[in-house]
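This report concerns only the one structure given below.
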There are 2 protein chains.
Amino acid sequence: MSIKSNDTPRIRRTPEESRANILAAAEQLLVEQGPQSLRLADVAKAAGVANATVLHHFGSISAVHTALMEQMIGQLVDSIMAIEIPVDAPVEARAVGLKTLFDALETPGVARLAAWLELTDETSRLTVVREAVQEVAQKKISSAGVPEDLAEDMILLSVTLAVGVGLFGPSLGKLIGKPEGRARELTLQMLLANFQRLAE
Amino acid sequence: MSIKSNDTPRIRRTPEESRANILAAAEQLLVEQGPQSLRLADVAKAAGVANATVLHHFGSISAVHTALMEQMIGQLVDSIMAIEIPVDAPVEARAVGLKTLFDALETPGVARLAAWLELTDETSRLTVVREAVQEVAQKKISSAGVPEDLAEDMILLSVTLAVGVGLFGPSLGKLIGKPEGRARELTLQMLLANFQRLAE
DNA sequence: AACACTACTGACAAAAATGTCAATAAAGAG
DNA sequence: CTCTTTATTGACATTTTTGTCAGTAGTGTT
């Protein structure tokens, strides 16, 4: 008497594919709706699988969160690592590098990620961020043939401002009635002028 | 047969006092542990009352969240409204005003609040922010006897950067191995230099 | 002192969220 | 084709969180 209707045949993926599928769905949820939507049922539904499938691959919803953080941070680090901002280069080269940095940090997903990390104080998870930043800092700072102090300051300044602009520039600008990207534009101008000032 | 032990006599407050007590406890929870700790049981325990008491005064835990947002935003707006940053004033005056602004935005609670708002996309709640910013923008921008465009830009720039520094300056600086407050210092220097540049 | 009002509470109900498990079915190996 | 492996799943159990309700107890009034 046990008849199983088979309208929707199962999709059987490799473990890696399945994990990737679930994380992709979770990332979209995070970007579009925030971390409070990263519930087990929501993630499973968005991924098109059963709740138990998510748990089968990750063990717990918390592990999904950690994996998602790691993946998004990894992607962000990769995009940042590809940027070159020589402090002693001509102005145009620095401008391009800076814009790329701001681009990388201005996508909505990054803002959500940053806010999420800021609110997730479990120290275990902060380790992920620490490692990522150290990777960027070491490779970037040490490689440039520039006074380390200056380079470090410039990087700290650029990244901090880029994150701030990426997170709140659009919202604040819109609220004040400024055209899209105005905060970014102002900040970039100021950073470049400041670089020029320090280079003299 | 119904004997009530009376070791801890009830505290009976006015409705206003009770709401204030609960919101104060909730604020502390938010600042110290983040919004995921703003659960009914946690808030009630922190406030030293029963769960039902919280619901009696606010109706739902969600209403507590909204009220807390409104209160914290209100406090922040008040502190910002008290700041004067005349764009045409001497350098020292602008420096003091800017530092005050950064102070106001650099407390841990503000960072948590900003991140919380960023992640809470329910449009109903965003209204609170919109109104607050409009209040600041109107009074501040219109009052100063300065070209509106310039004043608006300076405010947008200052606030955006101050929020960014307040949120991520400490963490990023620590991760890179910079002394506490380095990002703030660099940003302030740059902002002042930029004001000077534009004033000429 | 008796009464009215209502802030307050414990016990319980309801809902939401996470996790467990045995059974099912897709894919490759023999 | 048969067997083994295991990704997948529905049904169920557990835990967590929110909300309800009737009764209790302060506080002011008459």
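Throughout, a chain's letter reflects where its sequence line sits, starting with A, and its residues are numbered from 1.
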* Structure fact -> Atom CD of A/Gln36 and atom P of C/dA16 are separated, to the nearest Å, by 17 Å

* Asked: Considering only heavy atoms from C-beta outward, does the side chain of B/Met190 approach that of B/Leu186 to under 4.5 Å?
  -> no

* Taking five pairs at each end of the helix from C/dA1-D/dT30 to C/dG30-D/dC1, what angle separates the two helix axes (nearest 10°)? -> 0°

* To do: Answer yes or no: is there a donor N or O on one side and an acceptor on the other, between the side chain of A/Ser79 and the main chain of A/Leu76, under 3.5 Å?
  => yes

* Using a 4.5 Å cut-off on heavy atoms from C-beta on, say whether the side chain of B/Phe58 contacts that of B/Leu23. => yes

* To do: Answer yes or no: are there more than 12 heavy-atom neighbours, outside A/Gln75 itself, under 6.0 Å from its atom CD?
  => yes

* To do: Using atom types as modelled and distance alone, determine if a side-chain donor or acceptor of A/Gln33 lies under 3.5 Å from a backbone N or O of A/Gln28.
  => no

* Give me the residues of residues 17-31 of chain B where at least one heavy atom lies under 4.0 Å from an atom of DNA chain C, by number, or none. => B/Ser18

* Are any of B/His56's side-chain N or O atoms less than 4.0 Å away from OP1 or OP2 of C/dA7? -> yes

* To do: Using a strict 4.0 Å threshold on nitrogen-to-oxygen distance, state whether B/Arg19 and B/Glu16 make a salt bridge.
  => no

* Where the side chain of A/Ser18 meets the backbone of A/Thr14, is there a donor-acceptor pair that is under 3.5 Å apart? -> no

Taking N or O atoms only and anything under 3.5 Å, show me the protein contacts with nucleotides 27-30 of chain D, one pair per line.
none

* **A/Ser62 backbone acceptor or donor facing A/Thr66 side chain under 3.5 Å** => yes

* Structure fact -> Residues passing the side chain to side chain donor-acceptor pair (under 3.5 Å) test with B/Gln189, sequence neighbours excluded, are none

* Asked: Is a donor on one side and an acceptor on the other found under 3.5 Å between the side chain of B/Gln36 and the backbone of A/Leu119?
  -> yes

* Please say which of A/Leu68, A/Leu30, A/Leu29, A/Asn51 ends up in a side chain to side chain contact (heavy atoms under 4.5 Å, CB included) with A/Val43. => A/Leu29

* **Worked check of side chain to side chain contact (heavy atoms under 4.5 Å, CB included) between B/Leu191 and B/Phe102** => CA-CA 12 Å; B/Leu191 267 177; B/Phe102 273 69; 3.8 Å; yes

* Among all residues two or more places apart in sequence or in another chain, which pass the side chain to side chain donor-acceptor pair (under 3.5 Å) test with B/Asp42? -> B/Arg39

* Can you check the A/His57 NE2 to C/dG19 P distance for me, whole Å? -> 16 Å

* Could you tell me the separation between the CD atom of B/Glu16 and the P atom of C/dC8, rounded to a whole number of Å? => 11 Å

* Structure fact -> Scoring nucleotides 15-21 of chain D by protein non-hydrogen atoms under 4.0 Å (B base, S sugar-phosphate only, - none) yields --SBBBB

* Structure fact -> Between CZ of B/Arg13 and C1' of C/dC8 the distance, given in whole Å, is 10 Å

